[in-house]
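To start, the structure under review is shown below, and the notes come after it.
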Amino acid sequence: MHVNAEDFFFSGFNKPGNTNNRLGSNVTTVNVNQIAGLNTLGISLARIDYAPFGVNPPHTHPRATEILTVIEGTLHVGFITSNPQNRLIFKVLNAGDVFVFPQGLIHFQFNRGHKKAVAMARLGSQNPGRIEAKDLFGSNPKIDASVLAKAFQVDKKLPFNRPWLSAFETNLGIEF
């Protein structure tokens with residue numbers, strides 16, 4: 001196999017990602033899939049663009065710690081400690097601030113401002129992985145609806161509007 005400079009190069013990190021979506025955010029990843037030369041080096045990068053009030057939803061990286069630097073704007077960031085405490089550790093970050101998300105812990109970022117925000121993340125794995133709560137509803141094969149209903153303690157007879165259950169209904173073919 002012939003190794004060359006292209007195996008260690010990525011272009012485009014300076015270009016904003018499209019935040020015109022339901023979350024108002026876009027993550028541009030640079031890992032071993034984009035730069036073959038990262039293989040076995042234990043590092044990767046991400047650029048996260050946020051529209052005003054955009055969110056990078058709660059997620060976890062099962063194989064990496066993440067260190068985030070705010071480049072532009074203001075972000076409300078946090079993570080949840082493991083049980084039994086399940087404490088929310090959070091901070092409001094401005095341009096130049098840095099925050100660490102320990103490996104495997106659920107974390108998020110939210111643009112609190114009326115202007116766009118940009119952050120850069122470094123992750124301690126060439127393939128950090130990403131798991132979001134919504135992945136529970138889109139697994140292949142699907143998780144049995146009764147398991148998820150019991151885990152989230154939901155019942156068909158709940159008297160209030162539950163728009164957050166639309167993923168439940170759509171992906172699992174059940175009605176609430």
Side-chain angles (χ1 to χ4, degrees), residues 1-51 54-73 75-83 86-91 93 95-111 116-144 147-148 151 167 170-172:
M1 173 183 240
H2 182 68
V3 176
N4 61 51
E6 296 304 311
D7 295 326
F8 298 89
F9 174 78
F10 177 85
S11 180
F13 232 38
N14 61 324
K15 298 175 184 165
N18 182 3
T19 60
N20 187 18
N21 56 55
R22 295 175 104 181
L23 296 173
S25 68
N26 186 82
V27 179
T28 303
T29 57
V30 179
N31 57 39
V32 71
N33 295 319
Q34 289 77 31
I35 300 178
L38 287 175
N39 192 29
T40 74
L41 296 183
I43 57 171
S44 58
L45 302 165
R47 173 189 170 130
I48 309 103
D49 291 279
Y50 309 83
V55 65
N56 188 6
H59 63 280
T60 182
H61 302 289
R63 296 180 291 276
T65 291
E66 176 180 341
I67 186 166
L68 182 91
T69 304
V70 177
I71 305 301
E72 179 182 343
L75 294 174
H76 178 129
V77 305
F79 64 87
I80 301 169
T81 64
S82 59
N83 59 8
N86 296 323
R87 282 187 48 223
L88 173 62
I89 307 295
F90 67 95
K91 187 97 175 132
L93 305 180
D97 291 343
V98 175
F99 197 83
V100 175
F101 303 107
Q103 179 177 342
L105 295 185
I106 298 168
H107 60 281
F108 66 91
Q109 303 102 39
F110 175 65
N111 180 1
K116 73 175 186 170
V118 179
M120 297 289 184
R122 278 87 57 211
L123 298 108
S125 171
Q126 68 271 5
N127 185 13
R130 179 179 170 111
I131 302 170
E132 294 181 32
K134 70 175 182 151
D135 296 333
L136 288 169
F137 307 105
S139 66
N140 185 13
K142 300 213 180 304
I143 299 173
D144 186 276
V147 172
L148 294 174
T170 302
N171 291 318
L172 298 175

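The structure presented is a predicted model; accordingly, all values stated were derived computationally and were not measured.
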Is there side-chain contact between [X] and [Y], with heavy atoms separated by less than 4.5 Å?
X      : Y      : value
Pro16  : Val118 : no
Asn56  : Leu75  : no
His107 : His61  : yes
Gln109 : His76  : no
Asp49  : Lys116 : no
Arg122 : Glu66  : no

Is there a donor-acceptor contact under 3.5 Å from the side chain of [X] to the main chain of [Y]?
X      : Y      : result
Gln126 : Asn31  : no
Thr60  : Gly104 : yes
Asp7   : Asn4   : yes
Thr81  : Arg87  : yes
Thr69  : Val98  : no

Can you name the closest pair of heavy atoms from [X] and [Y] and give their distance?
X      : Y      : answer
Asn111 : Ala51  : ND2-O, 2.9 Å
Phe108 : Pro57  : CB-C, 4.2 Å
Ser82  : Leu105 : N-CD2, 4.0 Å
Phe13  : Ala46  : CZ-C, 3.5 Å

Original post:
Could you give the distance from CG (Asn83) to CD1 (Ile80), rounded to the nearest 0.5 Å?
Top reply: 11.5 Å
Original post:
Counting heavy atoms not belonging to Phe10, are there more than 12 under 6.0 Å from its CZ?
Top reply: yes
Original post:
Just wondering, are more than 12 heavy atoms of other shown residues or ligands nearer than 6.0 Å to CG in Asn20?
Top reply: no
Original post:
Out of Leu123, Val30, Leu38, Ile35, which residue meets the side-chain contact (heavy atoms from CB on, under 4.5 Å) rule with Leu45?
Top reply: Val30
